[in-house]
Amino acid sequence: MTDIAKEVLLPGAVGDQPRPGGLKPEYDPRLANEDLAPLEKQTWGSYNIFAFWMSDVHSVGGYITAGSLFMLGLNSWQVLVSLLVGIGIVHFFCNLVAKPSQVTGVPYPVICRSVFGVRGANIPAIIRGLIAVAWYGIQTYLASAALEVALLKLFPGLMPYANVQEYGLLGLPLLGWACFTVLWILQAAVFWTGMESIRKFIDFCGPAVYVVMFLLTGYLLYRAGWGAIDLTLGDVKYTGAQAVPVMLGAIALVVSYFSGPMLNFGDFSRYGKSFAAVKRGNLLGLPVNFLVFSLLVVVTASLTVPVYGELIIDPVQTVARIDSTTAIVLGALTFTVATIGINIVANFISPAFDFSNVSPQKISWRAGGMIAAVGSVLITPWNLYNSPDVIHYTLETLGAFIGPLFGVLIADYYLVRKQKVAVDDLFTMSSTGRYWYRNGFNPAAVIATVVGAAVAIVPVLWTTGPGMKSAAQYTWFIGMALGFGVHALLSRRK
């Protein structure tokens with residue numbers, strides 16, 4: 001094999017560079033299957049990446065997150081600046097993390113083998129997989145709540161079955177169980193059909209929410225008038241220098257919201273036709289799309305005050321107030337579908353690849369996804385979502401690892417390896433392979449991750465410490481910076 005075929009170089013028009021593709025006989029079965037092997041064809045264009053981000057943003061969680069930024073006590077222009085800076089950071093880092101997977105055609109856990117070693121890559125894979133399982137369950141629960149609104153409007157007689165005291169099991173009423181089960185099965189069915197069907201599904205989800213959002217905004221404008229629009233939801237509490245820490249917190253909130261899908265974005269960028277196409281999709285899907293969506297959110301939320309007499313930042317509850325059964329059902333179902341979209345792209349596909357990476361011989365991509373789906377039920381996500389303490393000490397604790405994992409990957413790929421990856425060596429357990437390191441583990445990457453996570457997790461657990469409450473907002477940045485710096489330092493000292 002020539003050196004060009006063995007190594008993938010990333011400068012310039014990388015899409016035209018030759019690279020190996022497909023599952024090869026010489027690949028070790030302990031590291032490879034059809035799902036993890038380099039893609040032979042990459043077919044996603046800019047719109048598909050754009051639609052991916054629309055599906056990620058256009059959900060109940062995205063709506064509430066965007067609306068919450070305008071309730072921090074800042075002027076509207078300060079919120080918009082914070083929003084643009086935050087999403088600009090996400091956009092920059094997504095382009096960085098997209099490149100290695102797009103060029104090699106391998107998913108996130110496989111590209112991590114070049115960083116952590118062919119065995120050590122299971123460390124980031126399992127961490128990201130566990131986070132995704134928890135959020136998968138929570139998002140399924142949120143989508144089922146939207147479906148429940150539609151069913152109760154259509155069939156008021158179901159109301160007793162929505163009472164957890166009368167018909168409850170493990171903290172969820174019978175109707176809630178029915179809605180959760182329907183959505184659980186529907187998501188699994190969409191996932192089971194494969195990535196091409198998922199691509200078509202997310203191509204539909206994002207635009208569908210835009211249609212409903214514009215219709216909802218138009219309805220509220222008709223009721224309240226243009227003069228009722230207020231881009232500041234609540235009183236302005238911070239001005240001048242006092243506003244700076246709040247703005248920084250808002251920026252951190254935006255980055256934290258996207259930290260999960262940002263880390264494993266390689267699972268999707270690997271399908272891109274070219275890196276240029278991925279970058280165009282990221283530009284449309286992140287800064288442009290997120291700004292338009294956020295403005296729609298704040299306009300819609302501000303109009304709920306004159307129309308309904310109170311501020312409502314939950315789109316499902318806003319839709320439920322409309323005096324039309326058809327509109328309520330259509331709106332609720334649309335947000336249900338949108339939440340399914342984000343759940344599949346952010347919390348189903350990631351653990352599918354991650355768990356398959358642990359044991360490719362026994363766990364296929366579909367099997368990995370179903371492990372995540374079953375796990376999401378076992379954690380009873382409705383109880384997790386309703387208990388802030390549990391969320392704080394589980395999801396945020398695991399989330400503190402996302403920053404270091406991201407920092408280590410970027411440092412290794414751009415500084416240590418100078419954008420070179422020996423693709424075939426990602427699939428060999430030979431001690432002579434480039435990514436064998438020490439018994440399959442790269443000590444530098446492991447140490448950097450542990451150091452970054454250990455420091456980042458302190459503010460999450462020690463909330464009463466001096467300055468810890470403020471520092472907790474920046475755990476991703478703390479962990480990312482430490483992971484990046486420690487890994488770069490240890491790798492260069494070899």
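Heavy atoms only: backbone and side chains are in, while hydrogens, waters and symmetry mates are out.
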In short, Ser259 meets Ile402 closest at the heavy-atom pair O-CG2, 3.6 Å

Would you mind telling me which of Val85, Leu83, Leu84 makes a side chain to side chain contact (heavy atoms under 4.5 Å, CB included) with Val81? Val85

Donor-acceptor check, side chain of Ser46 to backbone of Ala277, threshold 3.5 angstrom: yes or no? yes

Look at the side chain of Ser144 and the backbone N and O of Tyr141, then say whether any donor-acceptor pair between them is shorter than 3.5 Å. yes

CD on Gln42 to OG on Ser274, rounded to 0.5 Å: 9.0 Å

On the six-membered ring of Tyr108, is Arg270 placed so that its NZ or CZ lies under 6.0 angstrom from the centre and within 45° of the ring axis? no

Taking every non-hydrogen atom, the tightest pair across Val106 and Thr104: CG2-OG1, 3.1 Å

Could you tell me if the side chain of Val421 sits less than 4.5 Å from the side chain of Tyr435, heavy atoms only? yes

List the atom of Leu405, the atom of Ile127, and the distance in Å for their closest heavy-atom pair. CD1-CG2, 4.0 Å

Check the pair Phe265 / Trp53 against ring pair (Phe, Tyr, Trp, His ring centres under 6.0 Å), numbers first and verdict last. CA-CA 10 Å; Phe265 182 55; Trp53 288 118; 5.2 Å; yes

Nearest 0.5 Å, what's the CG-CH2 distance between Leu253 and Trp476? 14.0 Å

Hey, does His91 have a side-chain heavy atom less than 4.5 Å from the side chain of Asn95? yes

dist Gln473:CD -> Ser256:OG (nearest 0.5 Å) comes out at 8.5 Å

Could you go step by step and tell me if Asn442 and His487 meet the side chain to side chain contact (heavy atoms under 4.5 Å, CB included) rule? CA-CA 10 Å; Asn442 181 4; His487 181 70; 3.8 Å; yes

Begin from the C-alpha positions of Trp44 and Phe52 and carry the test ring pair (Phe, Tyr, Trp, His ring centres under 6.0 Å) through to its verdict. CA-CA 11 Å; Trp44 287 27; Phe52 162 82; 7.5 Å; no

Are any of the side-chain heavy atoms of Ser364 and Asp35 separated by less than 4.5 Å? yes

Compare all side-chain heavy atoms of Ile371 with those of Pro351 and state whether any distance is below 4.5 angstrom. no

Any donor-acceptor pair under 3.5 Å from Asn122 side chain to Ala125 backbone: no

Could you tell me if the side chain of Pro360 sits less than 4.5 Å from the side chain of Asp28, heavy atoms only? no

Report the C-alpha distance between Ile126 and Asp354 in whole Å, list the side-chain angles of each, state the deciding distance to 0.1 Å, and finish with yes or no for side chain to side chain contact (heavy atoms under 4.5 Å, CB included). CA-CA 6 Å; Ile126 291 173; Asp354 293 335; over 6 Å; no

Examine distances only and state if a side-chain atom of Asn75 and a backbone atom of Trp77 form a donor-acceptor pair shorter than 3.5 Å. no

How many angstroms lie between atom OG of Ser356 and atom CD1 of Ile363, to the nearest 0.5 angstrom? 7.0 Å

Inter-residue atom distance Ile138.CD1 - Ile379.CD1, 0.5 Å rounding: 6.5 Å

Kindly indicate whether the side chain of Val118, heavy atoms from C-beta on, has any atom under 4.5 Å from the side chain of Met429. yes

Does Trp436 reach the main-chain N or O of Thr428 with its side chain, forming a donor-acceptor pair under 3.5 Å? no

Going by the angle between their ring planes, with limits at 30° and 60°, are Phe191 and Phe348 parallel, tilted or perpendicular? parallel

With the side chain counted from C-beta on, respond yes when Phe116 and Pro124 share a heavy-atom pair under 4.5 Å apart, and no when they do not. yes

Checking the side chain of Arg366 only, and the main-chain atoms of Trp192 only, is there a donor and an acceptor separated by less than 3.5 Å? yes

Verify, without hydrogens or angle tests, whether Ser55 (side chain) and Ile202 (backbone) share a donor-acceptor contact under 3.5 angstrom. yes

Looking only at heavy atoms, what is the nearest atom pair of Tyr474 and Pro245, with distance? OH-O, 3.8 Å

Nearest heavy-atom contact between Val460 and Ala456 is CG2-O, 4.0 Å

Is there a donor in the side chain of Asn343 and an acceptor in the side chain of Thr140, or the other way round, less than 3.5 Å apart? yes

Would you sort out whether Phe258 and Phe93 count as a ring pair (Phe, Tyr, Trp, His ring centres under 6.0 Å), showing the intermediate values? CA-CA 11 Å; Phe258 288 100; Phe93 282 124; over 10 Å; no

Could you give me the CA-CA distance, side-chain angles and deciding distance for Arg119 and Tyr437, then say whether side chain to side chain contact (heavy atoms under 4.5 Å, CB included) is met? CA-CA 10 Å; Arg119 287 178 173 172; Tyr437 298 107; over 6 Å; no

Nearest heavy-atom pair of Gly194 and Trp365: which atoms, and what distance? CA-CZ3, 4.0 Å

N/O donor-acceptor pair under 3.5 Å between Gln102 side chain and Lys99 backbone: no

Measuring from atom CD1 of Ile89 to atom CE of Met262, what distance do you get when rounded to the nearest 0.5 angstrom? 9.0 Å

Taking only residues two or more places apart in sequence, or in another chain, which ones meet Tyr47 in a side-chain contact (heavy atoms from CB on, under 4.5 Å)? Phe50, Ala51, Met54, Asp203, Pro207

So, the side chain of Asn48 versus the backbone of Gly45: is there a donor-acceptor pair under 3.5 Å, distance only? yes

Could you go through the side chain to side chain contact (heavy atoms under 4.5 Å, CB included) check for Tyr271 and Thr43 one step at a time? CA-CA 6 Å; Tyr271 296 97; Thr43 58; 5.6 Å; no

Going by heavy atoms in the side chains, are Arg128 and Ile131 under 4.5 Å from each other? yes

